[in-house]
Protein chains: 2
Amino acid sequence: MTAGDRPRRPPTAQQFVLEEIRRAITSGELRPGDPIRQDALAAELGVSRVPLREALKILEGEGLVAYRVHRGYGVVSLSMDDLREVYRIRELLEAEAVRRAIGELTAADLDRLEEIQRGVERAGEAGDVAGMAAANRRFHFTLFECSGMPRLVRHIRLLWEATDAYRSLYYSDGENRQRVNREHRATLAALHDRDAEKAIASLDEHRAHAVAALELAFSEETAAKPGQ
Amino acid sequence: MTAGDRPRRPPTAQQFVLEEIRRAITSGELRPGDPIRQDALAAELGVSRVPLREALKILEGEGLVAYRVHRGYGVVSLSMDDLREVYRIRELLEAEAVRRAIGELTAADLDRLEEIQRGVERAGEAGDVAGMAAANRRFHFTLFECSGMPRLVRHIRLLWEATDAYRSLYYSDGENRQRVNREHRATLAALHDRDAEKAIASLDEHRAHAVAALELAFSEETAAKPGQ
DNA sequence: ATATCCTATTTTGGATCCAGTATTGATTCT
DNA sequence: AGAATCAATACTGGATCCAAAATAGGATAT
């Protein structure tokens, strides 16, 4: 019954709009390639175009929307090549983050990671796909942040956000959700052993499965509608 | 005498303001830690606050300025740790870019790089520090873009831009400028040989010297004014 | 004298309105 | 019929104005 129970509306319209557009893109409400009409979207969200445009500038920087002068914004559609590129860059940066984190990891950090992983599993068992995706994110970034390299984490976050629209595909499959838990457990074991290379290998595998799933989804999609 | 002779004013106020603020930050006109008063800056540049704020949002995404709600923007000041982190991430990403580029490099690409390097040397001999920095940038990014990984290049560009304010320190020293040319020549030789690892090693050295120069500048600065 | 509270001012956040550019559809000419 | 041209429309870019939050300064109470 406290104020924090349901997601409170952010203090500024800008932040509210930012979250709304993000949600709309990841949920598929706004689909890749869709143009974004400022007037219509602003009216729909009940704000003026000014905060909307600032939010769009942020999303442009994150690579979620594309912008052309006098032509406006549109949701970017990623090709499979783009996705592979994002995952390759993540491989490079996340390996560095884990290597640095290993040396800094405290017992308290490991406990937190264990607790978060329990949350991932709870959400998975409850069939809460969105909750599991959020907890998964917490798991990974809690680890990355132990690296003590905030800029590195920022770049990794940018990469994750760029593919948010496609991540839901992965989590909607029950088998993938189980696999995630196995891989997280393997990662945790490696972290307990302070074995950086093993942890990295485990995360690489984790990522490779996601890419494979996306390849499959893409090939099905292009097979279904060869034209567009 | 044609229209393209001097830098034409960009088509939108937003882009104009963006370039102006960037220039002001890299030139030291706006110094790290300085707050950015929207009204004053907008008036100075002869535009309203709307395009200014959108430009600032872009710069925030690039990490050049920091923002806090209701408190506005300010030029970020980087610590030596921040700089080391940026250069470490560059090391990881630029190595990947070079590895990918090596396989794709055409004779035309190599010719272009040679030509650009001649431009770097010309600017250096003429004592045109800003011109040399710009040509140096072209040299590196022309190479990176051969990787065929646009997102990777985007992330590398973000990292370069984050340290633009500090790069001028390096180029203001004549010995460093000579060193740059030697290292570019070494990189070019490795590229001609299609030796990725040698090219990467050469660029790593290039970067290490820049970091060393920054370390020196930082230690002098903190020695000069221990308080702030 | 110090700390606290209140008020005035500064500064940012947002809404509305106007101007300029791109797009669409109709019209005309070949 | 098809292409080119031009006008009407839709949409973005930008300026001005208003509201709300933060800050600074001064008054008051202890």
Side-chain angles (χ1 to χ4, degrees), chain A residues 3 7-25 29-77 228, chain B residues 3-4 7-25 29-77:
Chain A
R8 82 276 172 258
R9 179 159 169 158
T12 65
Q14 205 176 115
Q15 290 171 359
F16 166 70
V17 167
L18 182 63
E19 290 179 17
E20 280 301 304
I21 302 177
R22 247 200 257 283
R23 194 195 48 68
I25 292 178
E29 207 168 307
L30 276 171
R31 302 179 59 174
D34 281 358
I36 295 176
R37 298 287 159 233
Q38 298 176 13
D39 242 324
L41 186 53
E44 190 183 322
L45 296 173
V47 298
S48 82
R49 281 174 48 214
V50 175
L52 171 62
R53 275 160 60 180
E54 297 197 36
L56 286 169
K57 270 282 174 286
I58 296 174
L59 293 169
E60 187 198 351
E62 295 178 356
L64 274 167
V65 305
Y67 166 78
R68 281 181 307 170
V69 170
H70 285 298
R71 246 164 262 184
Y73 297 86
V75 182
V76 298
S77 60
Q228 164 61 305
Chain B
R8 82 277 171 259
R9 181 161 168 156
T12 65
Q14 205 177 117
Q15 290 170 2
F16 166 70
V17 167
L18 181 63
E19 291 179 15
E20 280 302 303
I21 303 177
R22 246 201 257 281
R23 194 194 49 68
I25 292 178
E29 209 168 303
L30 277 172
R31 302 178 57 174
D34 281 358
I36 294 176
R37 297 289 159 231
Q38 297 176 13
D39 240 324
L41 186 54
E44 191 183 322
L45 296 173
V47 298
S48 82
R49 282 175 48 217
V50 174
L52 171 63
R53 274 159 62 180
E54 296 196 37
L56 286 169
K57 270 281 174 286
I58 296 175
L59 293 169
E60 187 198 352
E62 295 178 356
L64 274 167
V65 305
Y67 166 78
R68 280 181 307 169
V69 169
H70 285 298
R71 244 163 262 181
Y73 298 86
V75 182
V76 297
S77 59

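Residue numbering restarts at 1 for every chain, and letters A, B, ... go by the order of the sequence lines. For clarity, every value in this text was computed on a predicted model and none was experimentally measured.
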Reading 5' to 3' through nucleotides 7-19 of chain D, protein heavy-atom contacts under 4.0 Å coded B for base, S for sugar-phosphate only, - for none:
----SBBBBB---

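- Listed by first and then second residue, the ring-ring contact (aromatic ring centres under 6.0 Å, His included) pairs involving residues 35-61 of chain A amount to none (not counting sequence neighbours).
- Residues satisfying the side-chain contact (heavy atoms from CB on, under 4.5 Å) criterion with B:V75, sequence neighbours excluded, are B:I25, B:L30, B:D34, B:I36.
- Taking the salt bridge (Lys or Arg N to Asp or Glu O under 4.0 Å) definition, one finds that B:R37 meets it with nothing, sequence neighbours left out.
- In this structure, CZ of A:F16 is placed 18 Å from P of C:dG13, rounded to the nearest angstrom.
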Which pairs would a plain distance check flag for residues 41-64 of chain B, meaning a side-chain donor or acceptor within less than 3.5 Å of a matching protein atom at least two apart in sequence or in another chain?
residue	atom	partner	partner atom	Å
B:S48	OG	B:V50	N	3.3
B:R49	NE	B:Q38	OE1	3.0
B:R49	NH2	B:Q38	OE1	3.0
B:R53	NE	A:E54	OE2	2.9
B:R53	NH2	A:E54	OE2	2.8
B:E54	OE1	B:Q14	NE2	3.4
B:E54	OE2	A:R53	NE	2.9
B:E54	OE2	A:R53	NH2	2.8
B:K57	NZ	A:Q14	OE1	3.1
B:K57	NZ	B:Y73	OH	2.5
B:E62	OE1	B:R22	NH1	2.5
B:E62	OE2	B:R22	NH1	3.4

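- The side-chain hydrogen bond (donor to acceptor under 3.5 Å, both in side chains) search around A:E29 returns A:R23, not counting sequence neighbours.
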